[in-house]
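For reference, the structure is listed below as structure tokens.
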2 protein chains.
Amino acid sequence: MQTALASTRAAPAAKRPRGRPRKTLDERDDGNRRRALIVGAARLFRRKGFDGTSTRDIAAAAGMQSGSPFYHFRSKQALLFAVMEEGMRHAVERQSEAVAAAGALSAPEQLRLLVRKHFEVLLGPGNDFIPVMLYEARSLTPRQRATLAGLQAQYEAAWQPVLQALHQSGRLKADVKLARLLIFGALNWSVQWFDRRKGATLEQLTDAALALFIGEKQ
Amino acid sequence: MQTALASTRAAPAAKRPRGRPRKTLDERDDGNRRRALIVGAARLFRRKGFDGTSTRDIAAAAGMQSGSPFYHFRSKQALLFAVMEEGMRHAVERQSEAVAAAGALSAPEQLRLLVRKHFEVLLGPGNDFIPVMLYEARSLTPRQRATLAGLQAQYEAAWQPVLQALHQSGRLKADVKLARLLIFGALNWSVQWFDRRKGATLEQLTDAALALFIGEKQ
DNA sequence: CCTACCGATCGGTAGG
DNA sequence: CCTACCGATCGGTAGG
């Protein structure tokens, strides 16, 4: 039977089980816990809405006690913003990569690429961030909304020249600005009905969208 | 000075001030108060979401005390359902009228009519009911959702033959089922960005949508 | 990060 | 419909 005295005599290192590897800077619990909160919050915000989710729900999802999220985030709102900002940065990144990786493409091919990437970011596995951004923006402060609007403008900027070119070549008949808004609506609404487990694939979805918008698959 | 006795002697009609017209059954306060709750709730649910709106807010909007909404509705959820159901019944009605009033139309003309009516129901003045239905369905019971799904199916049924005809004549290239989902998305998303006071008119919006979907204005 | 807690607010109800 | 109220839950904090 170990006494309290014996316990204090043991070397500090002995308290850590030998089999457990030392963690590097990048996997420090600090970042991991913060990350766990963001991921859990995204899932809950999407399923139950911002106002329908309690910070206790979020804490539990990350295996914490009820007050602990506030060690990582100043407020529930700050956590919401973190979810949305990470979602938008990820979306802008994926879009940039895709555009950079593709060689010289025709305007219809460019549109196809943008639509395809948009569906991936929106409907890909584990992607709750963008849906939350699309449907919970009401709960942000004006300042936070403005920051996100900047990222959204950056994202939309890639579409403008493509739509412009399609309009000038006669493939896109509608007014360019209104067409962009209607197109984003058609794509974004898919988070309401698309089910990855059944029905169409992302490829078929992309085909249908291209056919609808410019009357051809590419 | 009128005594209590004199009062009981007077004919019942004398109790009501002469200047105030008798109310018909349809404008009884009962219905008016219930209606006021529905209208106020729709506005608040749309602006702040279902979970972000308190029943006290709703009561105040209708000029009532905090507990009074529960005299008219069993629960907050029942009030939400009433908003959505009324919105959908109105939408189905408006659509039926429009279809009935129009003579024999070509398929593109039929599509234009449906799109135009859809925008009116969605974006017309004082129309918070449908936006609430589109964005707060998560807060319904499965049973309520099923009832609404029936009305929605009724609404969508008018579109199916039109899209089918356009597909067969080659004007609509996309798969009909996916096209319908994408089209509703394009239209429904407009509640997020359309501003009646500036920018496009409903007519221009309809033009753009028709041009985008079938490459022509009619 | 946990413990223990606070003031505020919430949906809803009993009784009139 | 109002008054008065209840139990539950909420976002957030102090102190460790």
Side-chain angles (χ1 to χ4, degrees), chain A residues 12 15-16 20 23 25 27-45 47-84 132 136 138-141 143-144, chain B residues 15-16 20 23 25 27-45 47-84 132 136 138-141 144:
Chain A
K15 286 181 178 175
R16 198 179 285 275
R20 203 173 175 195
K23 293 190 176 185
L25 258 172
E27 354 171 87
R28 261 175 30 196
D29 267 358
D30 257 28
N32 283 342
R33 304 319 348 239
R34 190 187 146 92
R35 175 82 193 155
L37 282 170
I38 293 182
V39 170
R43 219 165 66 97
L44 288 164
F45 286 158
R47 182 153 33 111
K48 316 206 293 174
F50 178 72
D51 288 312
T53 301
S54 71
T55 55
R56 283 163 172 80
D57 285 345
I58 298 169
M64 295 176 185
Q65 296 303 316
S66 69
S68 303
F70 298 96
Y71 170 76
H72 297 279
F73 294 92
R74 216 182 309 145
S75 66
K76 188 186 176 189
Q77 227 176 9
L79 185 42
L80 175 65
F81 179 69
V83 167
M84 296 188 181
V132 167
E136 303 295 333
R138 166 179 53 205
S139 298
L140 295 174
T141 67
R143 208 188 156 74
Q144 292 173 326
Chain B
K15 286 182 176 174
R16 199 178 287 273
R20 203 174 175 195
K23 295 192 173 182
L25 258 171
E27 357 171 86
R28 263 176 25 197
D29 267 1
D30 256 29
N32 284 342
R33 305 315 349 229
R34 191 188 146 91
R35 174 83 192 153
L37 282 170
I38 293 183
V39 170
R43 221 167 64 98
L44 288 163
F45 286 158
R47 182 152 34 109
K48 316 205 294 176
F50 177 73
D51 288 311
T53 301
S54 72
T55 55
R56 281 162 173 81
D57 287 343
I58 298 169
M64 296 177 186
Q65 296 303 315
S66 68
S68 302
F70 298 97
Y71 170 76
H72 297 278
F73 294 93
R74 218 181 309 143
S75 66
K76 188 184 175 190
Q77 226 176 9
L79 185 41
L80 174 66
F81 178 70
V83 168
M84 295 188 181
V132 167
E136 304 294 333
R138 167 179 51 204
S139 297
L140 296 174
T141 66
Q144 291 173 325

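Computation of the quantities below employed the complete heavy-atom set of this structure, encompassing side-chain atoms and omitting hydrogens, waters and symmetry-equivalent molecules. Chain A is the first sequence line, chain B the second, and so forth, proteins listed ahead of strands; every chain is numbered from 1.
Rounded to whole Å, atom C1' of D:dG11 lies 16 Å from atom CE of A:M64. One can place CG of B:L37 at 10 Å from P of D:dC2, the figure rounded to the nearest angstrom. When rounded to the nearest whole Å, the span between CZ of A:R33 and C1' of C:dC2 equals 13 Å. Distance B:R35 CZ to D:dC1 P: 15 Å, rounded to the nearest Å. Distance B:H72 NE2 to C:dG11 P: 17 Å, rounded to the nearest Å. When the P atom of C:dC10 is taken as reference, atom CZ of B:F50 falls 13 Å away, rounded to whole Å. Computed from coordinates, the B:I58 CD1 to C:dT9 C1' distance equals 15 Å when rounded to whole Å.
B:Q144 places no side-chain N or O within 3.5 Å of a backbone atom of B:F81 that could act as its donor or acceptor partner. For B:R34 (side chain) and B:F73 (main-chain N/O), no donor-acceptor pair under 3.5 Å exists by modelled atom type. Distance alone, capped at 3.5 Å, is enough to place a donor-acceptor pair between the A:T53 side chain and the A:L44 backbone.
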Which pairs, protein N/O on one side and nucleotides 12-15 of chain C N/O on the other, fall under 3.5 Å?
{"unit_1": "C:dG12", "atom_1": "OP2", "unit_2": "B:K76", "atom_2": "N", "d": "2.8"}

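Screening residues 63-79 of chain B for salt bridge (Lys or Arg N to Asp or Glu O under 4.0 Å), with sequence neighbours left out, gives no hits.
The nearest heavy atom of DNA chain D to B:G63 and to A:D57 marks one nucleotide each, and the one closer to the 5' end goes with B:G63.
A:A59 meets the side chain to side chain contact (heavy atoms under 4.5 Å, CB included) test with A:M64, A:P69; sequence neighbours excluded. The side chain to side chain contact (heavy atoms under 4.5 Å, CB included) test applied to A:R56 returns A:S54, A:S66, not counting sequence neighbours. Listed by chain and residue number, A:V83, A:D128, A:F129 satisfy the side chain to side chain contact (heavy atoms under 4.5 Å, CB included) test with A:A42 (two or more places apart in sequence, or in another chain).
Residues B:I58 and B:F45 meet the side-chain proximity criterion, which asks for heavy atoms closer than 4.5 Å.
Once rounded to the nearest 0.5 Å, the distance linking CZ of B:R43 with CD1 of B:I38 reads 15.5 Å.
At the phosphate of C:dT9, neither OP1 nor OP2 sits under 4.0 Å from any side-chain N or O atom of B:S54.
Residue B:Q65 places its side chain closer to D:dT3 than to any other of C:dG11, D:dT3, C:dC1.
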Which string of ( ) [ ] | and . matches DNA chain D, if you list each base 5' to 3' and count Watson-Crick or G-U pairs only when both distances are under 3.5 Å?
||||||||||||||||

